[in-house]
Amino acid sequence: MATAELLSNIYNNNIHKAISEQSYTENIEALYKALDGVDINTKFDPEKHIIFKKEDVEKTKRFTMKEFGLENEKQISAIGASAPFPLFSKEAVDIMRAEILRKDVFLQFARISPTSSSGLDGSVRGFARESCPFTYEAWKHPKSIEAVSSMAGVPLKIVMDYEVAHTNVAMKNPDDAEQETIAHNRELINKGEFFGKEQMIPSIVGWHYDSYPFVAVLMLSDTKKMIGGETIIKLGNGKVVSVEGPQLGYCTVLQGRLVEHIAPKPLGYTERLTAVSSYVAADPLKHEESVLHTVKPEVLFGSRYTDFYTEWIDYRMKLIEERAKYLREKVLNDQQNGKLFEKEKIMKFVEDLENYVGRTWKEMVVSDEEYAKAK
Ligand SMILES: [Fe+2]
């Protein structure tokens, strides 16, 4: 059970896990100052700021679910993951960095990661619509959604505004010994060692499935001196494969709800910012199995209780409305067109809808185990 103190922290948006002013000054301020001259009032211009071209779909390696050995009836696309492809220009990335690294924004929205050992790993969530209009416009623009969709092989939409540009922030960890371990273990992986070494890969988040069907991961840092930064994926046959990480302004997509993965800590970085946006299929009738296990406010400090759950209910109810409307119109049209009532099919549709409604509240249940981790 949750203690009164824990609940009070959660209702107060886990503000006790915010970055301290001192930590901001020591670790973040210099990054912000380096962007002196970047105008955050620049209006997002898709012609200039989106560097994706249609030809990039053909030029970029895309791994199918079949290649991963993970093909199944729940997938919303035949594509499992893509190699990095160009999405936003350097100027766009600079503006995004300048927006998010401002002191007031950073202190308000950033939270220390529950698994941060250095105290310098954190995430910034649910900030874009309210405080970073350029970032928000960039991700919500139909052209960038189209770019991500075409790489993902299915029309997508951003699941909710809260999941626009979830930004992971990692600062340099001075512990060289740990970095050596990472290098050593990555070597094992690269040598094609069989799956089973997974516990040995230091990462910010362990092996997991994402909460939403698709993610797009955008690199907001210079990766020239970075070693690694790839995503390692567990194949259907138990082996693992590594998908190269993106360079600045580049993006990868991943059907993370169905593909188990881990992002090992890279080497040689002084700062690493990645922005992750999450998507569901644009078609409301497509299979939709989002969950909350990695993002609910009781387990992820950056999910602010009221803001997050309000958006969750909004997105679920919208989808339920769309499905109900579709069904209603379908039966009326069928009757008008003299078609026989398709009882079995309609019963199945309503049963699925009932399950979807049920999962909406069941996902919000918090186990004792989850509460225990949420300190
Ligand atoms: Fe993930």
Side-chain angles (χ1 to χ4, degrees), residues 62-63 65 68 70 72 74-77 79-85 87 111-116 121-126 139 148 151-152 154 156 158-160 162-170 182 186 189 195 198-199 201-221 223 226 228-236 240-246 250-266 272-281 288-297 299-303 308 312 363 370 373:
R62 294 189 297 162
F63 303 87
M65 292 295 278
F68 285 159
L70 295 173
N72 76 65
K74 289 179 178 172
Q75 68 190 39
I76 61 165
S77 168
I79 302 296
S82 81
F85 61 93
L87 183 56
R111 298 290 182 273
I112 299 291
S113 158
T115 51
S116 175
D121 295 328
S123 64
V124 195
R125 285 174 55 70
W139 282 105
V148 171
M151 294 304 300
V154 59
L156 297 171
I158 291 188
V159 57
M160 49 173 127
Y162 209 94
E163 298 296 353
V164 172
H166 160 123
T167 302
N168 292 313
V169 182
I182 302 168
R186 182 171 291 109
I189 295 281
F195 183 68
E198 71 271 30
Q199 288 83 357
I201 307 169
S203 63
I204 294 168
V205 183
W207 284 98
H208 68 283
Y209 295 96
D210 292 335
S211 285
Y212 308 110
F214 257 98
V215 288
V217 181
L218 171 72
M219 178 52 71
L220 293 178
S221 295
T223 57
M226 241 181 251
E230 71 278 38
T231 300
I232 296 176
I233 285 167
K234 197 189 285 186
L235 303 177
V240 295
V241 70
S242 137
V243 176
E244 177 198 349
Y250 278 54
C251 186
T252 54
V253 296
L254 176 69
Q255 195 166 170
R257 183 74 202 92
L258 297 176
V259 177
E260 199 176 3
H261 58 280
I262 192 168
K265 277 190 184 180
R272 185 172 186 264
L273 269 70
T274 53
V276 185
S277 290
S278 294
Y279 299 80
V280 291
E288 213 287 88
E289 217 177 52
S290 294
V291 294
L292 286 180
H293 70 289
T294 61
V295 289
K296 64 178 103 168
V299 302
L300 184 58
F301 303 138
S303 290
F308 181 83
W312 163 253
E363 281 302 318
E370 286 173 322
K373 281 191 209 153

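Just so you know, ligand 1 is whichever comes first in the structure, and atom 1 is the first atom listed for that ligand.
- Screening the protein for N, O or S atoms under 2.8 Å from the Fe ion (ligand 1) yields 3; no waters enter the count.
- Closest heavy-atom contact between S82 and M151: CB-CE, 4.0 Å.
- The shortest non-hydrogen separation linking S290 to P213 is OG-CD, 3.2 Å.
- Residue F214 comes nearest to I76 through the heavy atom pair CD1-CD1, 3.8 Å, listed as atom of the first residue, atom of the second, then distance.
- Interatomic distance, CD of E230 versus NE2 of H261, reported as 13.0 Å (0.5 Å rounding).
- Considering every non-hydrogen atom in both Y209 and E260, the closest pair reads CE2-N, 3.4 Å.
- In terms of heavy-atom proximity, I232 sits nearest to P264 at CD1-CG, 3.6 Å.
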